[in-house]
Student: 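After the structure tokens below, expect a handful of questions from me.
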Amino acid sequence: MNSFTDWLPTLMIFLPLAGSLLLLVTPKTFRDEVAGFIAALTLGAGLAIWRGGGSELFRWDWIPPLGITYSVQLGGVSLALALVTAFMSFIAILYAARRIPNPGPMLSLILAMETGLIGIFAAQDLMLFYVFFEDALIPALLMLAIYGKSGRMAALTKFAAYTLFGSLLMLVSIIGVRYIGGSPTFAMTDLKQNLVQGSAQTWLYLGFLAAMAVKLPLWPMHAWLPDFHEQNHDSGIPDVMGTLYKVGGYGIFTFAIPLFPDASLELRPVLMGLAAFTALYAAWIAFGQTDWKRLLAYAGLSHMGFVALGVFSLNETAVIGAMYLLAFQNLYTGALFLAVGMLQERIGSLDTRVGGVMTQAGALGGLTMALWFASIAVPGMAGFIGEFSILLGAYQVFPWLAFIAGITTIAAAAYALTAFQHTFWQARPAGAVRVPDLVHTEWLILTLPLAVAVLFGVYSAPALNLMQPAVRAVLTALGGN
Amino acid sequence: MLQPPEVTLTPLLPVLIVLAGALSSTLLGFWVSRRTLTFINLGATLLSALSLGTLWNRGVSSFGGSLQADNAALLLAFVILTGTLMTLLVTLDTAWRARVSFPEFDAMLMYAVTGCMLIAFSGDLIVMLIGLEIMSLSSYVLATLQGSRRAEESGLKYFLLGAAGSAVLIYGIAFVYGATGSLNYAAIAAKASVLTPENTGILVGGALLLLCGFAFKVALAPFHQWTPDVYGGAPTSVSLFLSTVVKVAAFAGMLRVFGGALNGAPGWHSVLQVLIAATLIIGNLAALRQMNFKRMLAYSAVAHTGFLAMALLGTPQTGGAALTYYLLVYTLMTAAALAIVAALQRGEEGMNILDLRGLYYRHPAYAVALAVCLASLAGLPPFAGFFGKYLVFQAAFQNGYEWLSVLAALTSVAALVYYLRPAMLMFMPDRTPAREYGLGQRTPTTLTVALGVVGVTALGLLPNIWYSWVANPAIWTLLVGR
């Protein structure tokens, strides 16, 4: 085993944090470059791991008396998600450096949050996962506190209360998983050999689910989401990070299914029902929104309903689809948030009923539309592969629920295209300000995610090959279901 | 010819050094300034902490086991001395502003610490009681010393309720003696398992009375009512002392008595879990409504009492380790937070939470430090408060108190809301003029804050640097003595 490749995941996790601290002492003139360089380096580390076919499990006893280990591994699904995270963080930094007047704190926070997020995906120890899970929260809260709008305190409290309500219950569950199961440590390899049996498993699964349902988010734990996005800074950068923070689907996939196999099967109908309902309900609410950010928030919620449907169905095709969707919706939803930020910068409002932007800012309109196509799962885009696989898999489990969720795709087209039409087509109001088109890096910021979304929509094999073995490995825990 | 009794003074060393500091403050106060005395006391505190190291793993005892310098005592004493050090540093800056800058203040402080140390070193109920009374009487004076109406009111309240608490405690000691015929922890523990039914009843009564008495001292609901008034009314440096050092000592006593002597006794577990549940709910919900930051910290201290007491429900091995770890972390973060309040407040009543708005842009270092303390108090990783919380959850969970762990998790949500509100306000941009005392940022206070922040961060990233000392189960099985 090569010792350097062992250290690569750790490097990828902590490089952004080091960069974040470095920014505090960097002179103002070089801040953007340093932040961008660190983000690019992190992405590079991720690509190096990918090229090496994923990393081996790295384990170090962090706190031996408590049985807490530092176990990290980036491979399969976790590597895909970490790569998307690194990519979108890079894009966010690129945009923040140009858009925000004094971007120092924002750049620091983006990098600090990146560490938390990649840590979440890399962690193979439940306590370590919890630590990163909470760590990613602090920069998100600070972004909202420093850059938010007037109603941020209420939004912040709501966000924090929901998130922590879930994660503290998860903490109790984590303690229970180890002690009732009798595992020597919190490392996944040990926990899997000492599974909890019987009704205790169901209770612990519910505690774990509390945290994941908030993060997914799953109805009725979603109420924090629209306010969080609405009150964040107009540029959409915190929203990108917020989009990346929807790690609930991943948590259930990596930790809950292997640790609570019987409970997952037992609760499958209820959870799939909730997921399908969330997808449809969110699409319905999104239809009525006139604020771009709220619209995107509900659209994201609807996609997350899909992800949940796929994960909870425990079907191989659907789970792969869910992970695929989870990874790539970060890409296009994030880019859409940034596009909305650009729109806001030009017309000074987030309202959808503006009209006529397309005539003056054709590139912005065109790229936004292309990203929306990715979002509503037009074939040829990455979203399609995800959503189609989920529906295909879910249909094999509960055809009716798949049908209900399937309606969402139609609803998605309806809300997305209506809002797009109101803003970009229709007549330009008389006396409205002139809207400049995309300049400089803005081109890169929108085209890069779009290019990736198209690439993996057309040529999905590399991503699927990465994810499939990991999904198979997890699902064998269910006894070949 | 008068024969002096044979007494080994070695185990007494840490206590004697602190006592020497107290006595020198009493006497030298006529000739030197208070600042000089504070420096002498700082020296005594450090020296006492060093002397703890010389006693490590020797398990010496004195007065026939009434006073024990076992590892448990040394660890608890270390926490007490850490809190004392931080208090003394803060008083260097703020005592003058708080109008308590006279030698008696230092003398009282060090007497109180002597009492605290005695509790940690106690091997029987009498030594524990003597320590507790020395500590309490000095604390009453400290709370009243300022000579303002608020301080007098809080001191009187503290005194009356504290005296009632002590009375209940002494009554409890009498019951325990009546049931077991001994005051020594080891003897009580040995007898508790082989009692006749009548005596068991008396023992249960005694244990419950002791529990009430201690509940007063550590502020477990419903015996907590004095806390917000006293912590809020006393000068901030005194609040700091009361909410850290005094509370640690009271918990040390509880650990000795309930974790050791009465651990096998029936009855008190079920009452304690009800008290903890009430404390968690009342403390957290009441803190949610406070707009005065200092009062909020007082209520948060009550809420933390609930968490700390959960450790007593664990087995002595897990609970003792969890409690001692948490106590150090709690001392570091609470002391640092209150030190910042002491430095930035305009008057001794503390500051309004809304006044913290934009603090980051006026005092960046203090704001970041306060945010770290609040995050740690809230139990967010990677700060040490998280591991403290985790350890007590685990101790209670493992011993079969799952429902209490879940309740603690749920009430923590309220805690996170009230800790996050000021923490986030500090980072919100603000253009109104500053509402804090401009000249409060001084070296000794900054040193305290730095100690706290570095402490909670280091203990959070590498909990083992403290936990490996306390983790050895053998320390806690010997709680009762040999």
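Scope of the values below: all heavy atoms of this structure, side chains included, with no hydrogens, waters or symmetry mates. Convention: sequence-line order gives letters A, B, ...; per-chain numbering from 1.
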Student: If you measure from the Lys or Arg side-chain nitrogens to the Asp or Glu carboxylate oxygens, is any gap between Asp234(A) and Lys149(A) under 4.0 Å?
Tutor: yes

Student: Among Pro382(B), Ala471(B), Ser405(B), Gly460(B), which residue has the highest count of heavy-atom pairs closer than 4.5 Å to chain A?
Tutor: Pro382(B)

Student: Indicate the ring-plane relationship of Phe14(A) and Phe132(A), choosing parallel, tilted or perpendicular according to the 30° and 60° boundaries.
Tutor: tilted

Student: Parallel, tilted or perpendicular: which fits the ring planes of His304(B) and Tyr419(B), with parallel below 30° and perpendicular above 60°?
Tutor: tilted

Student: Which one, Ala160(A), Pro65(A), Gly207(A), Gly148(A), leads in non-hydrogen pairs under 4.5 Å with chain B?
Tutor: Pro65(A)

Student: So what's closer than 4.5 Å to chain A heavy atoms on Gln394(B): side chain, backbone, both or neither?
Tutor: both

Student: Is there a donor-acceptor contact under 3.5 Å linking the side chains of Glu134(A) and Ser167(A)?
Tutor: yes

Student: Would you call the rings of Tyr70(A) and Trp60(A) parallel, tilted or perpendicular if under 30° counts as parallel and over 60° as perpendicular?
Tutor: perpendicular

Student: Please classify the contact of Pro105(A) with chain B as side chain, backbone, both or neither, using a heavy-atom distance under 4.5 Å.
Tutor: neither

Student: Parallel under 30°, tilted from 30 to 60°, perpendicular over 60°: which one fits the rings of Phe159(A) and Phe228(A)?
Tutor: tilted

Student: For Tyr130(A), which atoms come within 4.5 Å of any heavy atom of chain B: side chain, backbone, both, or neither?
Tutor: both

Student: Check each atom of Ile180(A) against the heavy atoms of chain B and say whether the ones under 4.5 Å are side chain, backbone, both or neither.
Tutor: side chain

Student: At a 4.5 Å cut-off on heavy atoms, which part of Tyr179(A) comes close to chain B: side chain, backbone, both, or neither?
Tutor: side chain

Student: Tell me whether the centres of the aromatic rings in Phe393(B) and Phe397(B) are closer together than 6.0 Å.
Tutor: no

Student: Go through Asp135(A), Val131(A), Thr157(A) and name the one with the most non-hydrogen pairs under 4.5 angstrom from chain B.
Tutor: Asp135(A)

Student: Name the member of Tyr390(B), Phe387(B), Phe383(B) that forms the most heavy-atom pairs with chain A at distances under 4.5 Å.
Tutor: Tyr390(B)

Student: Any donor-acceptor pair under 3.5 Å linking the side-chain atoms of Ser173(A) with those of Tyr205(A)?
Tutor: no

Student: Heavy-atom cut-off 4.5 Å, strictly under: side chain, backbone, both or neither for Phe427(B) against chain A?
Tutor: both

Student: So what's closer than 4.5 Å to chain B heavy atoms on Leu156(A): side chain, backbone, both or neither?
Tutor: side chain

Student: Need one label for Ile146(A): side chain, backbone, both or neither, based on atoms under 4.5 Å from any heavy atom in chain B.
Tutor: both

Student: Is chain A contacted by the side chain of Tyr325(B), its backbone, both, or neither, given a heavy-atom distance below 4.5 Å?
Tutor: neither

Student: For Ile68(A), which atoms come within 4.5 Å of any heavy atom of chain B: side chain, backbone, both, or neither?
Tutor: side chain

Student: If we count only N and O atoms by modelled type, under 3.5 Å, do the side chains of Thr69(A) and Asp125(A) hold a donor and an acceptor together?
Tutor: yes

Student: Under 4.5 Å heavy-atom distance to chain A, tell me which part of Leu461(B) shows up: side chain, backbone, both or neither.
Tutor: backbone

Student: Hey, would you say the Trp466(B) and Phe78(B) ring centroids sit under 6.0 Å apart?
Tutor: yes

Student: Please classify the contact between Tyr360(B) and chain A as side chain, backbone, both or neither, with a heavy-atom cut-off of under 4.5 Å.
Tutor: neither

